[in-house]
Amino acid sequence: DYENSKTTNTEYAGFPYLFSECKVLISAPELPAMILKDACYYGMFNRCTNLITAPSLPATNVTRNCYTSMFSDCTSLTKAPKIKAATLAKQSCYQMFKGCTSLNKVPDLTISTLADHCCYHMFEGCTSLVTAPALPAESLAEDCYSGMFLNCTNLINAPALPATTLAEGCYDQMFKGCISL
């Protein structure tokens, strides 16, 4: 509904792999929906190797797998969009920016409620990332940050980890291969 895009509900719509491997795409279209269906944007821009500009992500209701692999292997992307949601569902940001080798700006993740595997391998292989985003959540879910910065070889600034309630595997391999830390 392009005339009422801010209130568009994607509950029954999905766009998995819509632009996947679109090598000529350099900027993404707006994604104004506030309510997302499970796996709604799964792999949407996967392997768009010339994508420079990501769309904003205004949704406040982030569902299971909705951002999974959304920008994975977008090797020209330099800045990650801010995730506006305060709560993440299971696997919602799973491998979201994996292999984005030019990514060097990441906004703080002001998410307060995490679900299992929500940020699993989120920035894996982002070799241009020097500073990790703030991670203020105080209660962690199973494998929520597992492998989050795996092989971010130029990462020199790790975030504070204020969580007091930990779950199994929550920090598993979080900084493995971060040889500059």
Side-chain angles (χ1 to χ4, degrees), residues 8-20 28 31-48 54-74 77 80-100 103 106-126 129 132-152 158-178:
T8 298
N9 182 338
T10 65
E11 184 177 0
Y12 301 106
F15 308 99
Y17 298 104
L18 183 65
F19 299 104
S20 182
L31 301 174
M34 299 296 286
I35 300 170
L36 306 178
K37 174 188 183 219
D38 287 358
C40 181
Y41 298 144
Y42 193 114
M44 187 179 225
F45 301 103
N46 178 48
R47 294 190 189 128
C48 289
S56 64
L57 301 173
T60 53
N61 181 15
V62 178
T63 57
R64 185 180 188 123
N65 292 107
C66 67
Y67 296 147
T68 294
S69 300
M70 187 175 184
F71 300 102
S72 63
D73 297 313
C74 289
L77 189 66
K82 180 163 181 60
I83 297 169
K84 303 277 173 106
T87 301
L88 294 182
K90 287 184 177 184
Q91 301 173 331
S92 53
C93 297
Y94 192 97
Q95 298 181 344
M96 188 174 184
F97 299 102
K98 181 183 178 202
C100 291
L103 189 67
V106 179
D108 291 341
L109 296 176
T110 55
I111 298 136
S112 57
T113 306
L114 305 172
D116 295 351
H117 301 91
C118 62
C119 296
Y120 187 86
H121 293 255
M122 189 174 185
F123 300 105
E124 179 185 342
C126 292
L129 194 60
L135 303 173
E138 294 181 3
S139 182
L140 304 184
E142 186 177 322
D143 289 312
C144 62
Y145 293 150
S146 181
M148 191 174 197
F149 301 103
L150 182 70
N151 295 325
C152 290
L161 302 173
T164 54
T165 303
L166 307 179
E168 186 175 333
C170 62
Y171 291 133
D172 185 42
Q173 298 183 33
M174 187 174 182
F175 299 106
K176 183 176 181 180
C178 295

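This is a predicted model, so every value here is computed, not measured.
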Apply side-chain contact (heavy atoms from CB on, under 4.5 Å) to Tyr67 and Cys93, showing your working. CA-CA 5 Å; Tyr67 296 147; Cys93 297; 4.0 Å; yes
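Within the 4.5 Å cutoff, the side chain of Leu161 has heavy atoms near those of the Pro159 side chain. Counting heavy atoms from C-beta on, the side chains of Ser146 and Tyr171 never come closer than 4.5 Å. Put simply, the side chain of Lys90 does not reach to within 4.5 Å of the side chain of Asn65, judged on heavy atoms. Residues Phe45 and Met70 meet the side-chain proximity criterion, which asks for heavy atoms closer than 4.5 Å. Proximity of Met96 to Ile83: side-chain heavy atoms (C-beta onward) are separated by under 4.5 Å at one or more points. Side-chain contact check for Phe149 versus Pro133: some heavy-atom pair is nearer than 4.5 Å. For the pair Cys48/Phe19, a side-chain contact is recorded, criterion being any heavy-atom separation below 4.5 Å from C-beta on.
Met148 and Leu135 make their closest contact through CE-CD2, 3.8 Å (heavy atoms, listed as atom of the first residue, atom of the second, distance). Minimum interatomic distance between Cys126 and Phe97 (heavy atoms only, all atoms of both residues): SG-O, 3.2 Å. The shortest non-hydrogen separation linking Pro81 to Phe71 is CG-CE1, 4.2 Å. When all heavy atoms of Gly177 and Asn151 are compared, the closest pair comes out as CA-OD1, 3.5 Å. Residue Ala167 comes nearest to Ala141 through the heavy atom pair CB-C, 3.4 Å, listed as atom of the first residue, atom of the second, then distance. Nearest heavy-atom pair across Phe123 and Cys152 is O-SG, 3.1 Å.
For the atom pair Leu31 CG and Phe15 CZ, the distance stands at 8.5 Å (nearest 0.5 Å). Note that CZ of Arg64 is 11.0 Å distant from OH of Tyr94, once rounded to the nearest 0.5 Å.
Ser72 and Asn46 form a side-chain donor-acceptor contact under 3.5 Å, judged by distance and modelled atom types alone.
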Using residues 106-122 as the side-chain source, report each donor-acceptor pair under 3.5 Å to any protein atom, sequence neighbours left out, with the distance given to one decimal.
{"unit_1": "Asp108", "atom_1": "OD1", "unit_2": "Ala134", "atom_2": "N", "d": "2.9"}
{"unit_1": "Thr110", "atom_1": "OG1", "unit_2": "Lys82", "atom_2": "NZ", "d": "3.4"}
{"unit_1": "Ser112", "atom_1": "OG", "unit_2": "Ala86", "atom_2": "O", "d": "3.4"}
{"unit_1": "Asp116", "atom_1": "OD1", "unit_2": "Glu142", "atom_2": "N", "d": "3.2"}
{"unit_1": "His117", "atom_1": "NE2", "unit_2": "Asp143", "atom_2": "OD2", "d": "3.2"}
{"unit_1": "His121", "atom_1": "ND1", "unit_2": "Glu124", "atom_2": "OE1", "d": "2.5"}

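Only one option out of Asn61, Thr60, Val62 pairs with Ile35 in a side chain to side chain contact (heavy atoms under 4.5 Å, CB included); it is Asn61.
Judged by distance alone, the side chain of Thr63 and the main-chain N or O of Leu36 form a donor-acceptor pair under 3.5 Å.
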